[in-house]
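Computation of the quantities below employed the complete heavy-atom set of this structure, encompassing side-chain atoms and omitting hydrogens, waters and symmetry-equivalent molecules. Values in this document were obtained by computation on a predicted structure and should not be read as measured data. All residue numbers refer to positions in the sequence shown, counting from 1.
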Amino acid sequence: MKKIVLGISGGISFLIFLILLVTTNYLGSSQSSQGAAGRWSSDGGASQVSCFFSVDAGVTEDRIIEFEHTVDSALTEASVLQESENPGARLWADAYSADGQVTISSDKASLSADAIGIGGDFFLFHPLKLLYGSYFSGNDLMQDYCVIDEDAAWQLFGSNDVAGMMVTISGIPHIVTGVVERPSGRLEEAAGLDSTVVYVSYRTLTELGESNGINHYEIVMPNPITGFAVNYIREQLGADERETEVVENTTRYSLVTRLKMLTQFGTRSMNGKAIIYPYWENIARGYEDILALLTLFELLFLLYPVILGLVFFCIWWKHKGWTMKDVWNKLKDLAERRVEKLRENRKRKKNGEIDDSRLLEELEKEEKPFRGIRRLRRKHRKKEKRKEEPEDGENMEE
């Protein structure tokens, strides 16, 4: 009875482990801001890397552009070339952004809102749920676009179906290209999404609003060898460790990373750098802590049935009615009988009691354990071929 109870408890523990494993995998894959590499390259050959800068880092658009010019040459040196026949295909994509505030107005109302000034393919990395309209790109020639969340849409127009409507930012007209759903929840609100957010071009934020300067940079690029992308970004943009932090987004929720975080539990949350993380990084770091804790429970619930299985095995091994010596003698006896049978068959063949084909069949029944089978098969085929050759010659004479 005791063994049954222990067996059931071990099974339940293993089932909980499987549930936790599925949960951690789901939570990790649900973070769209961390999955740009998977969306960019389905074969797993790309890596997503993020850089976060302090206010004093002094990162400018010119520095970003200068860095972008080095990426293609670095990939060429690594023998990574564009193989797509599509002339518009790209090997990599990037985005930069800055935090700040803007005052945005419509004919009905005006409000001050937190703003993200974007450059490059920002919404490739942050595919927020669109309610109406579409995104815009920081690479567009026209910079008078904006994307607002549904709260801003209701405050400005009394509706969230306002794609294509006109607003002004510091008196300059801008077109609302899309309305997005602002992520909600305890973790999201704690991360900084507790008020209205609008997305404008980096130029609009710097010229018409209050900007804290470029403090986020993201790139998705080929990763021909492990660590190539993150090491390259760290060397080129993250050289000053006091002012920057480089994150490998692609593997941040992997099992190895979660186990590493467990060893850094307590000290990881300490930040000695003057870096203010954007809301998406705060959310990602929150999920890192949650997944690390779930991983700890995974290990505990897996450890119990493993130990239980080892105990049962040791008990069974201790009370078994045979030894390894018995197994060895049994196998040795079996091998000797098969060898003896092979010798007997060869002797019968030599005496003419059986032919090659019958001997071959009997050997194959023994699961072909000896090298002589192939040799005998080849010899048998040659004999059959020689029997057929005279017939072919007779046909030719006719």
| request: Please report the shortest heavy-atom distance between Pro222 and Phe228, naming the atom on each side. | output: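 Smallest interatomic distance, heavy atoms only, reads O-CD2, 3.9 Å.
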
| request: Under the side-chain contact (heavy atoms from CB on, under 4.5 Å) rule, collect the residues that match up with Glu61, sequence neighbours excluded. | output: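 Only Tyr96, Tyr202, Ile214 meet the side-chain contact (heavy atoms from CB on, under 4.5 Å) criterion with Glu61.
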
| Which residue pairs pass the side chain to side chain donor-acceptor pair (under 3.5 Å) test when at least one of the two sits in residues 7-28, sequence neighbours left out? |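 Qualifying pairs, neighbours excluded: Ser9-Tyr304, Thr24-Glu298.
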
| Under 6.0 Å from the CZ atom of Phe297, do we count more than 12 heavy atoms belonging to anything else shown? |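 Not more than 12 within 6.0 Å, no.
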
| task | Indicate yes or no: does Arg285 engage Glu245 in a salt bridge with an N to O separation below 4.0 Å. | result |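 A salt bridge links Arg285 with Glu245.
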
| said: Using a 3.5 Å distance criterion without hydrogens, assess whether the side chain of Asp114 forms a donor-acceptor pair with backbone atoms of Ser195. | reply: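 Checking the backbone N and O of Ser195 against the side chain of Asp114, no donor-acceptor pair under 3.5 Å is found.
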
| message | Strictly by ring-ring contact (aromatic ring centres under 6.0 Å, His included), give each pair with a member in residues 37-62 just once, sequence neighbours left out. | response |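 As it turns out, the ring-ring contact (aromatic ring centres under 6.0 Å, His included) pairs with a partner in residues 37-62, which skip direct neighbours, are Phe52-Tyr277.
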
| message | Enumerate the ring-ring contact (aromatic ring centres under 6.0 Å, His included) contacts for residues 1-22, please, sequence neighbours excluded, ordered by first and then second residue. | response |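 Every pair satisfying ring-ring contact (aromatic ring centres under 6.0 Å, His included) with a residue in residues 1-22: Phe14-Phe17.
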
| task | State, with a plain yes or no, whether a side-chain heavy atom of Trp92 is found less than 4.5 Å away from one of Asp72. | result |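 The answer is yes; the side chains approach within 4.5 Å.
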
| query | If you look only at pairs with a residue in residues 145-158, which of them pass as a salt bridge (Lys or Arg N to Asp or Glu O under 4.0 Å), with sequence neighbours excluded? | reply |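 Only Asp149-Arg182, Asp151-Arg182 qualify under salt bridge (Lys or Arg N to Asp or Glu O under 4.0 Å).
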
| field | Parallel, tilted or perpendicular: rings of Phe123 and Tyr199 (30°, 60°) | value |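 Answer is perpendicular, since the angle exceeds 60°.
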
| Contacts of His174 that satisfy ring-ring contact (aromatic ring centres under 6.0 Å, His included) - sequence neighbours left out |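 None.
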
